[in-house]
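All values reported here derive from a predicted model rather than from experimental measurement.
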Amino acid sequence: MEQQLLFIASSIPYNSFFELVDALIVLINGYSETIVRWNTEPIEYEFNLSRNNDEITLEVVRFPDSRKIQSQGEVVFRINDSYKLIVLPFWRALRQMEFCDNFEEQWGRTWPKREMTLLNKLIERFKRCSNEA
């Protein structure tokens, strides 16, 4: 069953692409929870990512504004699946964006090159280990 969530994010106040790259690194390194924040002015989204062994849960919570009062948060998307089916698609999308000529101009921030290099190495190691299994 295919699900989609589309929104146009603002480049402020969060460095959401950096947070996403960092969140993927954190999950690969075995941490159990991380959050990526997106602002669409005034609505804010939180991508709550959690890991339980090889299973990843992505829960997207929409808040009416930046105050993020928990009782006002609404879960608009939730998926629980393998690392391969959640982390790898995010990584592939980030790889495509990595080579966009005008990212910095459009987003108003620099691309997280150092973090992306680390993420690429971790993903390649994961893929090698998966093929050996």
Side-chain angles (χ1 to χ4, degrees):
M1 191 183 321
E2 187 172 319
Q3 299 179 53
Q4 288 187 351
L5 173 66
L6 301 172
F7 57 84
I8 299 173
S10 173
S11 62
I12 56 173
Y14 309 117
N15 191 345
S16 302
F17 288 103
F18 173 83
E19 287 185 13
L20 180 56
V21 173
D22 190 53
L24 298 177
I25 291 169
V26 163
L27 287 174
I28 292 168
N29 283 326
Y31 289 87
S32 60
E33 293 181 15
T34 187
I35 295 174
V36 180
R37 301 163 300 168
W38 300 88
N39 188 330
T40 65
E41 299 180 33
I43 295 171
E44 291 206 6
Y45 292 89
E46 282 187 355
F47 286 20
N48 299 314
L49 293 140
S50 58
R51 179 178 181 160
N52 185 6
N53 296 320
D54 291 332
E55 292 284 309
I56 303 286
T57 299
L58 166 61
E59 184 177 84
V60 179
V61 181
R62 179 175 50 211
F63 294 94
D65 57 36
S66 62
R67 291 178 292 170
K68 292 190 191 148
I69 299 167
Q70 292 304 317
S71 62
Q72 293 180 347
E74 172 191 3
V75 176
V76 295
F77 184 87
R78 181 179 171 81
I79 185 170
N80 183 28
D81 215 320
S82 70
Y83 167 92
K84 187 175 181 179
L85 293 176
I86 293 181
V87 172
L88 291 182
F90 274 120
W91 172 71
R92 287 184 193 108
L94 287 165
R95 291 281 299 173
Q96 288 178 340
M97 292 185 68
E98 186 174 19
F99 300 105
C100 290
D101 294 332
N102 57 355
F103 175 85
E104 292 180 15
E105 179 184 316
Q106 289 187 346
W107 195 249
R109 297 183 186 269
T110 57
W111 182 255
K113 291 177 187 168
R114 184 173 56 100
E115 293 79 8
M116 203 54 201
T117 299
L118 175 57
L119 178 60
N120 291 337
K121 288 178 184 176
L122 291 170
I123 293 287
E124 291 305 321
R125 185 172 62 198
F126 168 79
K127 288 165 67 176
R128 268 195 319 275
C129 291
S130 294
N131 288 337
E132 292 172 4

Side chain to side chain contact (heavy atoms under 4.5 Å, CB included) between Phe17 and Phe103, worked out: CA-CA 11 Å; Phe17 288 103; Phe103 175 85; 3.8 Å; yes
Ion pair check, Glu98 and Arg95, cut-off under 4.0 Å: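 Salt bridge flag = yes for Arg95 with Glu98.
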N-O pairing of Arg37 and Glu46 below 4.0 Å: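 Looking at Arg37 and Glu46, the cut-off is not met.
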Between [X] and [Y], does any side-chain donor sit less than 3.5 Å from a side-chain acceptor?
{"X": "Glu44", "Y": "Tyr14", "value": "yes"}
{"X": "Trp91", "Y": "Asn120", "value": "yes"}
{"X": "Thr57", "Y": "Asn80", "value": "yes"}
{"X": "Glu104", "Y": "Thr110", "value": "no"}

Rounded to the nearest 0.5 Å, how far apart are [atom1] of [X] and [atom2] of [Y]?
{"X": "Met116", "Y": "Leu20", "atom1": "CE", "atom2": "CG", "value": "9.0 Å"}
{"X": "Glu55", "Y": "Ser50", "atom1": "CD", "atom2": "OG", "value": "10.5 Å"}
{"X": "Leu119", "Y": "Leu94", "atom1": "CG", "atom2": "CG", "value": "7.0 Å"}
{"X": "Ser32", "Y": "Asn53", "atom1": "OG", "atom2": "CG", "value": "11.0 Å"}

Would you say [Y] ends up clustered with [X] if hydrophobic residues are merged whenever their side chains have heavy atoms under 4.5 Å apart, either directly or through other cluster members?
{"X": "Val26", "Y": "Phe90", "result": "no"}
{"X": "Tyr31", "Y": "Ile56", "result": "no"}
{"X": "Val76", "Y": "Trp38", "result": "yes"}
{"X": "Ile35", "Y": "Ile12", "result": "no"}
{"X": "Leu5", "Y": "Leu88", "result": "yes"}

Non-hydrogen side-chain atoms of Glu115 and Ile25 separated by less than 4.5 Å: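 Glu115 reaches Ile25 side chain to side chain.
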Stepwise side chain to side chain contact (heavy atoms under 4.5 Å, CB included) test for Phe7 and Ile43: CA-CA 10 Å; Phe7 57 84; Ile43 295 171; over 6 Å; no
Would the distance check show the side chain of [X] and the main-chain N or O of [Y] forming a donor-acceptor pair, the cut-off being under 3.5 Å?
{"X": "Arg62", "Y": "Pro64", "value": "no"}
{"X": "Asn39", "Y": "Glu41", "value": "yes"}
{"X": "Arg51", "Y": "Leu27", "value": "yes"}

Heavy-atom closest contact ([X] atom, [Y] atom, distance):
{"X": "Ala23", "Y": "Leu49", "answer": "CB-CD1, 4.1 Å"}
{"X": "Val21", "Y": "Pro112", "answer": "CG2-CG, 4.1 Å"}
{"X": "Ser11", "Y": "Trp107", "answer": "CB-O, 2.8 Å"}

Centroid-centroid distance, Phe63 to Tyr45, less than 6.0 Å: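 No, they do not, as the ring centres are separated by 6.0 Å or more.
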Aromatic ring proximity Phe77/Phe47, centre distance under 6.0 Å: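 Distance test on ring centres: not under 6.0 Å, no.
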Derivation of the side chain to side chain contact (heavy atoms under 4.5 Å, CB included) call for Trp111 and Met97: CA-CA 9 Å; Trp111 182 255; Met97 292 185 68; 3.9 Å; yes
Taking [atom1] in [X] as the centre, count heavy atoms belonging to other residues, nucleotides or ligands within less than 6.0 Å. Is the count above 12?
{"X": "Lys121", "atom1": "NZ", "result": "no"}
{"X": "Asn102", "atom1": "CG", "result": "yes"}
{"X": "Asp54", "atom1": "CG", "result": "no"}

Test side chain to side chain contact (heavy atoms under 4.5 Å, CB included) applied to Asn48 and Thr34, step by step: CA-CA 6 Å; Asn48 299 314; Thr34 187; over 6 Å; no
